[in-house]
**Student:** 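Right, I'll just put the structure down here and ask away after.
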There are 12 protein chains.
Amino acid sequence: MSDKVYAISKVVGTSKKSIEDAIENAISTASKSIKHLDWFEVKETRGFIDNDKVAYYQVSLELGFRYEK
Amino acid sequence: MSDKVYAISKVVGTSKKSIEDAIENAISTASKSIKHLDWFEVKETRGFIDNDKVAYYQVSLELGFRYEK
Amino acid sequence: MSDKVYAISKVVGTSKKSIEDAIENAISTASKSIKHLDWFEVKETRGFIDNDKVAYYQVSLELGFRYEK
Amino acid sequence: MSDKVYAISKVVGTSKKSIEDAIENAISTASKSIKHLDWFEVKETRGFIDNDKVAYYQVSLELGFRYEK
Amino acid sequence: MSDKVYAISKVVGTSKKSIEDAIENAISTASKSIKHLDWFEVKETRGFIDNDKVAYYQVSLELGFRYEK
Amino acid sequence: MSDKVYAISKVVGTSKKSIEDAIENAISTASKSIKHLDWFEVKETRGFIDNDKVAYYQVSLELGFRYEK
Amino acid sequence: MSDKVYAISKVVGTSKKSIEDAIENAISTASKSIKHLDWFEVKETRGFIDNDKVAYYQVSLELGFRYEK
Amino acid sequence: MSDKVYAISKVVGTSKKSIEDAIENAISTASKSIKHLDWFEVKETRGFIDNDKVAYYQVSLELGFRYEK
Amino acid sequence: MSDKVYAISKVVGTSKKSIEDAIENAISTASKSIKHLDWFEVKETRGFIDNDKVAYYQVSLELGFRYEK
Amino acid sequence: MSDKVYAISKVVGTSKKSIEDAIENAISTASKSIKHLDWFEVKETRGFIDNDKVAYYQVSLELGFRYEK
Amino acid sequence: MSDKVYAISKVVGTSKKSIEDAIENAISTASKSIKHLDWFEVKETRGFIDNDKVAYYQVSLELGFRYEK
Amino acid sequence: MSDKVYAISKVVGTSKKSIEDAIENAISTASKSIKHLDWFEVKETRGFIDNDKVAYYQVSLELGFRYEK
């Protein structure tokens, strides 16, 4: 598998439900413009609070994908 | 929205159930003494282990809120 | 000056004008509830963008002050 | 409880389901060879993507346990 | 506002005048190819020195913007 | 012990004698206004120099305590 | 040279031979889609092991290039 | 001394007395199961508080030792 | 490949020749006591100097391997 | 320009006026004893507060300069 | 006190006795060649082990001092 | 070997050939003005790109040496 080259994009997914759902939303939206998504790494987990409850999670990810030749 | 000032408090929420539940517990308890909670950022995720299972999650958060004038 | 104890509070100042003005706003607002402010340290510099210009700077600071006895 | 000594091992748990499940898998497998597991700390949260969905989460943990004498 | 997805691009703005001007230059140039710029975060502040004076500031920023669907 | 919530305060203790004494001074002074102090974590160790000797140590700590309900 | 704006892309180069070769592979592949590559910075050096030898190096880089106007 | 290989173990020593004593306790206990201990590096200094005094220090260390062949 | 668990060991390889050779030495020695070595990550690159030349490189690595069941 | 060697010095500039002015003061003073100053990188931005206003900014910089042969 | 410029030097003090003694040794030796030493900050605490005891502590410090004009 | 004091200087070596060669160049040039060089630690690895190839590597190092008395 060597000598391949990958690119890394940073995205932020949001979700009202859970951290995992925010990750899936980020990947699903990014996949519309990026092919060959291969891995992710969570960089920050934040969120907004409304009425003393989590309004939505914001999870920033680095997404790795094979460079198109 | 500019020229507002926010304060940031650090709290640790715990939960037997999940990381998200520990975040909600932290916000819910903090909201009893802090008004205008606006956002959070997860700083550390830890937990205690009992009998080779997660006994509870401990999630430390920074909580942002508008400074009371 | 030894054996004194200091506390550190984290605040976020905002300004439409400049980073320095956001710092001054944070200190000025915090000084209404905290006495003996002594030093600050910039931890993050962010901002919001509106119409492809900086709408306002957000500067998060740690503020040190002498503990009231 | 003082004067005890603890050791820390780093492990990576994986799960198709959730971050919490990856943590439980790591602890459960580690407990087969390490006694007295006491706490964990999440160090990194990553994962692999297959077909534009999370294929599995990879959560790396530090596991603390009492040193056997 | 939840379930939106954002992308983050890293750029370096330069200016002979000030840190704030370098930030504005970065945003202004990036806005020619990126729509919906929403926030920035300063990651590094550097500069070049010429004749024992600052020749220009180099400010590297992360720029957040809404993912185009 | 789960579902409890803790708050974290940052303080700086000083001492002419030792790092440990600066930590004790910080805890002792903080305990006058904070109940239920539970743990600390050293974040920075600094000091001032006078006449080529340590004039006093400055140790900044995060102090964890149970949130009062 | 002031008032120019640069963008930064993150890529991962791989090589069976050496760290330097992985860097060259990343730059060479990226140059097919990015003009005016100007500098790089190594962010992480990893690799995969096969049969108790390095199978290939993975070097993640930030690549700086002049923004196209 | 070249071409030797070392391993690094992470341990946490505790002591009621001092940071140095917690380090010595960690090394002394680890030496019962690890030969050829060579160096240490302090990674974190924490502690528990009881009755507004330090109950005990917890110092986490990386311990380096020569790999047994 | 999910639901597998990996362990991570930290080792330091040394070499008179090169950084890559220090990495290979670390892996080769570790493989005598650890099976299923899978990946590595370089954490620090240091070295000793003798007579104004590099006497040997010291590269500290985290080594990942599948947990033996 | 290759095979040149640079040295890096760390200095702290102060100013009552602005962050940029503190940087210029640091460079101007350092240039009296260091030739060939080439670049700087801001490492920390702090300041002292007097009477609830910024008394002066303290900006710590790394200064790069060509090694004199 | 504003508009002064400080320089920062990094030194490593060692001691068989304690961390504080290693700091004093570093300052005392540095003061032979540097005037106006003003503050220090501990950056790393390490040590060498001999015969399963601490042989000596190595404390690396940044030392701040007023720039000589 | 205890109670010795070391100083640390930061330098940047460059080379067209390799990372190791940049390290050797830094040490060789520094040795003209610093005696008793003892160890180094790589802090950053960067480089400039020309014509889609590495023009030269820039490796910044901390160099440790015994303080001259």
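Below, chain A is the first sequence line, B the second, and so on; all start at residue 1.
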**Student:** With a 4.5 angstrom heavy-atom cut-off, is it the side chain or the backbone of K:L63 that approaches chain F, or both, or neither?
**Tutor:**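 Looking at K:L63, just its side chain touches chain F.
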
**Student:** Are any non-hydrogen side-chain atoms of F:T45 and K:T45 less than 4.5 angstrom apart?
**Tutor:**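 They are not in side-chain contact.
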
**Student:** For the OH atom of F:Y56 and the CH2 atom of K:W39, what is their distance to the nearest 0.5 Å?
**Tutor:** 12.5 Å

**Student:** Might you point out which heavy atoms bring F:F48 and K:D38 nearest each other, and give the distance in Å?
**Tutor:**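 Taking F:F48 first and K:D38 second, the nearest heavy atoms are CD2-O, 3.3 Å.
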
**Student:** Say you draw a straight line from CG of F:D52 to OG1 of K:T29; how long is it, rounded to the nearest 0.5 Å?
**Tutor:**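 If we round to the nearest 0.5 Å, F:D52:CG and K:T29:OG1 are 10.5 Å apart.
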
**Student:** Could you tell me the separation between the CD1 atom of F:I49 and the CD atom of K:E24, rounded to the nearest 0.5 Å?
**Tutor:** 9.0 Å

**Student:** With a 4.5 angstrom heavy-atom cut-off, which part of K:L37 approaches chain F: side chain, backbone, both or neither?
**Tutor:** both

